[in-house]
J.: 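Sharing a structure below in structure tokens format, with a few things to ask.
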There are 2 protein chains.
Amino acid sequence: MSTHAIHSDALAQKLADSGLRNTPQREFVYDALLTKRDHPTADEVYARVKTQLPGISLATVYNCLETLVQCDLVRAVNFERAPTRYCPNLHPHAHFHDETTGATHDIELPASLLAEIKAVLPPGYNADVIELTFRGKLPATR
Amino acid sequence: MSTHAIHSDALAQKLADSGLRNTPQREFVYDALLTKRDHPTADEVYARVKTQLPGISLATVYNCLETLVQCDLVRAVNFERAPTRYCPNLHPHAHFHDETTGATHDIELPASLLAEIKAVLPPGYNADVIELTFRGKLPATR
DNA sequence: ATCCTTCTTTAGAATTATTCCAATTTCAAC
DNA sequence: GTTGAAATTGGAATAATTCTAAAGAAGGAT
């Protein structure tokens with residue numbers, strides 16, 4: 001079994017569900033996200049995948065990331081207008097953006113809080129997506 | 001009193017507090033945001049202000065908006081990687097982004113909910129900014 | 001096995017929101 | 001009035017992303 005195939009079961013499944021093909025590029029891109037879950041940008045994913053698939057192009061990385069987002073395997077995360085970051089955590093979660101290091105931390109969200117958040121919406125407002133982002137400074141010692 | 005000066009009291013105050021000058025460009029840009037609170041982009045603000053201040057440049061609109069954000073008179077609002085939008089609502093509020101019309105609606109946030117949201121953060125995580133965004137479709141009939 | 005069609009990848013050009021820059025202009029203080 | 005800092009301006013530069021057209025793979029029908 002090839003290294004990058006370790007995580008590809010869900011990928012193969014979801015791609016098949018969507019009538020899409022399972023390509024090496026898609027597997028390596030997805031694997032890069034799963035292997036180092038530090039919310040990399042497309043450029044960072046590109047750099048990581050290139051070590052294993054030297055011929056891959058940046059456009060393909062963008063294509064693959066978009067495909068993974070469409071398949072609901074990955075979330076695209078945006079802070080202000082910084083480059084989009086990608087996150088394979090499928091649980092409902094918020095993001096804490098540490099202004100000191102630039103790192104992004106996932107904050108799991110209890111269903112109860114999600115329900116309370118939805119409850120602030122007026123009647124008729126139905127949210128498909130809820131995004132919750134914190135920004136702040138973490139104590140240096142961690 | 002000139003039209004655009006109607007709303008400029010808070011502006012003059014905040015600018016003075018920050019040691020900045022009160023210019024016609026800043027007044028018109030701020031007034032444009034207050035007059036039509038539809039979360040315009042910089043380009044849209046530019047178009048609106050130009051009708052009253054034909055010589056203003058887009059760079060200046062960007063500068064003024066940035067200044068207003070620095071002065072805490074205006075919030076910059078981002079959805080995905082769409083152009084930044086600007087919002088003069090200073091109350092704690094979330095944004096509902098209507099995918100049908102593209103319109104953005106403010107959702108006021110009770111202090112109690114804000115407190116509960118902050119409570120999901122692990123110890124040591126202190127958030128300076130909390131951003132909550134909903135995306136969904138509103139019933140067409142409104 | 002081969003053809004055919006469709007999907008995917010690729011390299012590079014194009015797009016576009018925003019920022020940067022250098023040169024004027026404004027304005028408050030002296 | 002002069003001076004100096006702050007602000008504005010137009011245009012060039014930047015950078016993330018998307019687009020485009022061409023080449024490459026891959027599955028299904030014959």
Side-chain angles (χ1 to χ4, degrees), chain A residues 4 8 11-12 14-32 39-47 49-50 52-71 73-86 102, chain B residues 2 4 8 11-12 14-32 39-47 49-50 52-71 73-86 102 104:
Chain A
H4 67 280
S8 66
L11 173 60
K14 288 274 193 174
L15 287 173
D17 290 354
S18 306
L20 300 171
R21 294 180 189 163
N22 192 1
T23 68
Q25 289 86 347
R26 286 171 179 169
E27 290 201 354
F28 277 110
V29 166
Y30 187 42
D31 198 56
H39 303 84
T41 63
D43 266 332
E44 288 164 352
V45 172
Y46 178 47
V49 173
K50 238 190 330 191
Q52 306 178 56
L53 212 65
I56 198 172
S57 80
L58 178 57
T60 298
V61 171
Y62 273 103
N63 290 342
C64 292
L65 289 169
E66 174 64 13
T67 299
L68 295 174
V69 170
Q70 300 294 305
C71 290
L73 285 165
V74 166
R75 266 175 64 179
V77 181
N78 291 285
F79 301 114
E80 326 259 289
R81 287 192 47 85
T84 300
R85 296 177 171 277
Y86 296 88
Chain B
S2 64
H4 67 281
S8 66
L11 173 60
K14 288 273 192 173
L15 287 173
D17 290 352
S18 307
L20 300 172
R21 292 183 188 159
N22 192 0
T23 67
Q25 289 86 346
R26 286 170 179 170
E27 291 201 353
F28 277 109
V29 166
Y30 186 43
D31 197 57
H39 303 82
T41 63
D43 266 331
E44 288 164 352
V45 172
Y46 179 48
V49 172
K50 237 189 333 188
Q52 306 180 58
L53 212 66
I56 198 172
S57 79
L58 179 57
T60 299
V61 171
Y62 273 103
N63 290 341
C64 292
L65 289 169
E66 174 64 13
T67 299
L68 295 173
V69 170
Q70 300 294 307
C71 291
L73 285 165
V74 166
R75 264 176 66 179
V77 181
N78 290 285
F79 300 113
E80 325 261 292
R81 289 192 45 87
T84 300
R85 297 177 170 278
Y86 296 87
T104 299

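Here is the naming used below: chain letters follow the sequence lines, and residue numbers restart at 1 for every chain.
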J.: Rounded to the nearest angstrom, tell me the gap between atom CD1 in Ile56(B) and atom P in dT25(C).
T.: 17 Å
J.: Distance-only, no hydrogens or angles: does the Arg26(A) side chain make a donor-acceptor pair with backbone N or O of Arg21(A) under 3.5 Å?
T.: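 Yes: the side chain of Arg26(A) pairs with the backbone of Arg21(A).
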J.: Kindly say whether Val49(A) contributes a backbone atom to a donor-acceptor pair with the side chain of Gln52(A) at under 3.5 angstrom?
T.: no
J.: Below 3.5 Å between N/O atoms, which protein atoms pair up with nucleotides 16-21 of chain C? Just atom names and distances, please.
T.:
{"from": "dT18(C)", "atom 1": "OP1", "to": "Arg81(A)", "atom 2": "NE", "distance (Å)": "3.4"}
{"from": "dT18(C)", "atom 1": "OP1", "to": "Thr84(B)", "atom 2": "N", "distance (Å)": "2.8"}
{"from": "dT18(C)", "atom 1": "OP1", "to": "Thr84(B)", "atom 2": "OG1", "distance (Å)": "2.9"}
{"from": "dT18(C)", "atom 1": "OP2", "to": "Tyr62(B)", "atom 2": "OH", "distance (Å)": "2.6"}
{"from": "dT18(C)", "atom 1": "O5'", "to": "Tyr62(B)", "atom 2": "OH", "distance (Å)": "3.4"}

J.: Hey, is the main chain of Asn63(A) close enough, under 3.5 Å, to the side chain of Glu66(A) for a donor-acceptor pair?
T.: no
J.: Return the value, rounded to whole Å, for the distance between atom CZ of Phe28(A) and atom P of dT10(C).
T.: 12 Å
J.: Can you check the Asn22(A) CG to dC7(C) C1' distance for me, whole Å?
T.: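 These atoms are roughly 13 Å apart.
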J.: I'd like to know if the side chain of Arg81(B) and the backbone of Glu80(A) have a donor-acceptor N/O pair within less than 3.5 Å.
T.: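 Between the backbone of Glu80(A) and the side chain of Arg81(B) there is no qualifying donor-acceptor contact (under 3.5 Å).
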J.: Rounded to whole angstroms, how far apart are CD on Gln25(A) and P on dG24(D)?
T.: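 From Gln25(A) CD to dG24(D) P: 14 Å.
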J.: If I take atom CG in residue Leu15(B) and atom P in nucleotide dA6(D), what distance separates them, rounded to the nearest angstrom?
T.: 14 Å
J.: Could you work out which one of dG10(D), dT10(C), dA7(D) sits closest to the side chain of Ser57(B)?
T.: dG10(D)
J.: Please give, in whole Å, the distance from dC27(C) P to Arg26(B) CZ?
T.: 12 Å
J.: What is the distance, to the nearest angstrom, from the CD atom on Gln70(B) to the C1' atom on dA7(D)?
T.: 15 Å
J.: For Thr23(A), answer base if it contacts any base atom (sugar-phosphate contacts may also be present), sugar-phosphate if it contacts only those atoms, and nothing otherwise; contact means non-hydrogen atoms under 4.0 Å.
T.: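 Thr23(A): backbone/sugar contact only, no base atoms under 4.0 Å.
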J.: How many whole angstroms separate atom CG of Leu65(A) from atom C1' of dT9(C)?
T.: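 Result: 14 Å.
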J.: Would Asn78(A) and Asn78(B) satisfy side-chain contact (heavy atoms from CB on, under 4.5 Å), going step by step from the backbone distance to the final call?
T.: CA-CA 8 Å; Asn78(A) 291 285; Asn78(B) 290 285; over 6 Å; no
J.: Between dT9(D), dA6(D), dT8(C), which nucleotide gets closest to the side-chain atoms of Arg21(B)?
T.: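 Of the candidates, dA6(D) comes closest.
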